[in-house]
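Notes to accompany the following structure.
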Amino acid sequence: MKISSQKVNDMSVISIVGSIDGLTAPELTEFIKSQIETGETNLVIDLDQVNFMSSAGLRAILTGLKSIRDQGGEIYLAAPQPGIEKTLRISGFNKIIKIFPTFNEAIASYHLK
Amino acid sequence: MKEKFQITQSAELTSLSTFRKFIRSACQDNQILDLPTQYDLQLAMDEACTNIITHGYADMNPGSIIIEMEFKIDQVVMEITDFGHPFEPVETSAPDLEAIMQDIPTQGFGLFFIYQAMDNVDYETTAYGNHLRLSKKI
């Protein structure tokens, strides 16, 4: 898994390439943590290039979500592939976090709030 | 077109990606090109193997995990065998995401996905290991 970030206006966009599973999820947890520590509290996680995510990945996102909301911030998810979209939906993720079908919609929605 | 496939890897998290690739290759070999089905098989296996690695072989030297796949006319059967502590996968309801966010210990997140992804889940412990048998209609 490769993970990187870039600023887009007021948001930090986290781009992930590869799979998020029991092996790689801790790296995502630490990356989100480092974002918060550097003052980035409005994150978009771009899932367009993520081909697999298990419950370990969902836990990593939840851990980050709690920490960032404690700081008054938010995480949006963008562009999940079909398999991941299904796991997010059936686990109820869409009820606690905003998930956008495309990256551009996630960025646009932040600026509309 | 081959009907049965088998792979053995060490029970370590680094083996998860190898197992997923094995499943994709076996599916493609048998013309199971439906991506949602391939994904469900990978997800169920990944969750089961993660449980085996983190719980089944807890406090033990890493053992092995054997995955056998059999393609029948109307279903795929996947059997996952390990030699660690028995860990029967009991069906659970949807995960309590709020509790997870509050760091309240919860179990069953992975088990929930196994039961959502597969049509049948059977478990048996024998003298020759623990056998998790997962099947999905195709």
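Below, read A as the first sequence line, B as the second, and so on, with proteins coming before strands; counting in each chain starts at 1. The structure presented is a predicted model; accordingly, all values stated were derived computationally and were not measured.
- There is no path of hydrophobic side-chain contacts, each under 4.5 Å, that joins B:V77 to B:M118.
- Hydrophobic clustering, with ILVMFWY side chains joined whenever heavy atoms are under 4.5 angstrom apart, groups B:I80 together with B:M60.
- Dense packing is recorded around CG of B:D74, with more than 12 heavy atoms of other residues, nucleotides or ligands lying under 6.0 Å away.
- A:I3 and A:V17 end up in different hydrophobic clusters when Ile, Leu, Val, Met, Phe, Trp and Tyr side chains are linked at under 4.5 Å.
- For NZ of A:K66, the number of neighbouring non-hydrogen atoms (other residues, nucleotides, ligands) closer than 6.0 Å is greater than 12.
- Proximity to chain B is absent for every atom of A:K95, based on heavy atoms less than 4.5 angstrom apart.
- Heavy-atom neighbours of chain A within the stretch residues 36-47 of chain B, taken at a separation under 4.5 angstrom, comprise B:Y39, B:D40, B:Q42, B:L43, B:D46, B:E47.
- A:T63 does not touch chain B: none of its heavy atoms, backbone or side chain, sits under 4.5 Å away.
- In this structure the side chain of A:L58 reaches within 4.5 angstrom of the side chain of B:F113, judged on heavy atoms.
- In this structure, the separation between OG on A:S55 and CD1 on B:I114 is 8.5 Å, given to the nearest 0.5 Å.
- Under the 4.5 Å side-chain heavy-atom criterion for ILVMFWY residues, a single connected hydrophobic cluster contains both A:I84 and A:I96.
- Other residues, nucleotides and ligands contribute over 12 non-hydrogen atoms within 6.0 Å of the NZ atom of A:K7.
- Between the CG atom in A:L23 and the OG atom in B:S15 there is a gap of 9.5 Å [rounded to 0.5 Å].
- Between B:F109 and A:S91, the shortest heavy-atom distance links the atoms CE2-CB, 4.2 Å.
- Once rounded to the nearest 0.5 Å, the distance linking CZ of B:R20 with CG of A:D21 reads 4.5 Å.
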Which donor-acceptor pairs under 3.5 Å do side chains of residues 45-53 of chain A form with protein atoms, sequence neighbours excluded?
{"residue": "A:D46", "atom": "OD1", "partner": "A:D48", "partner atom": "N", "Å": "3.1"}
{"residue": "A:N51", "atom": "OD1", "partner": "A:S19", "partner atom": "OG", "Å": "2.7"}

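- In this structure, the portions of A:I90 lying under 4.5 Å from any heavy atom of chain B include both its backbone and its side chain.
- For the pair A:L62/B:L97, a side-chain contact is recorded, criterion being any heavy-atom separation below 4.5 Å from C-beta on.
- Within the structure, ring pair (Phe, Tyr, Trp, His ring centres under 6.0 Å) contacts touching residues 12-32 of chain B (residues at least two apart or in different chains) do not occur.
- Close approach to chain A, defined as a heavy atom under 4.5 Å from one of its heavy atoms, is seen in no residue of residues 125-138 of chain B.
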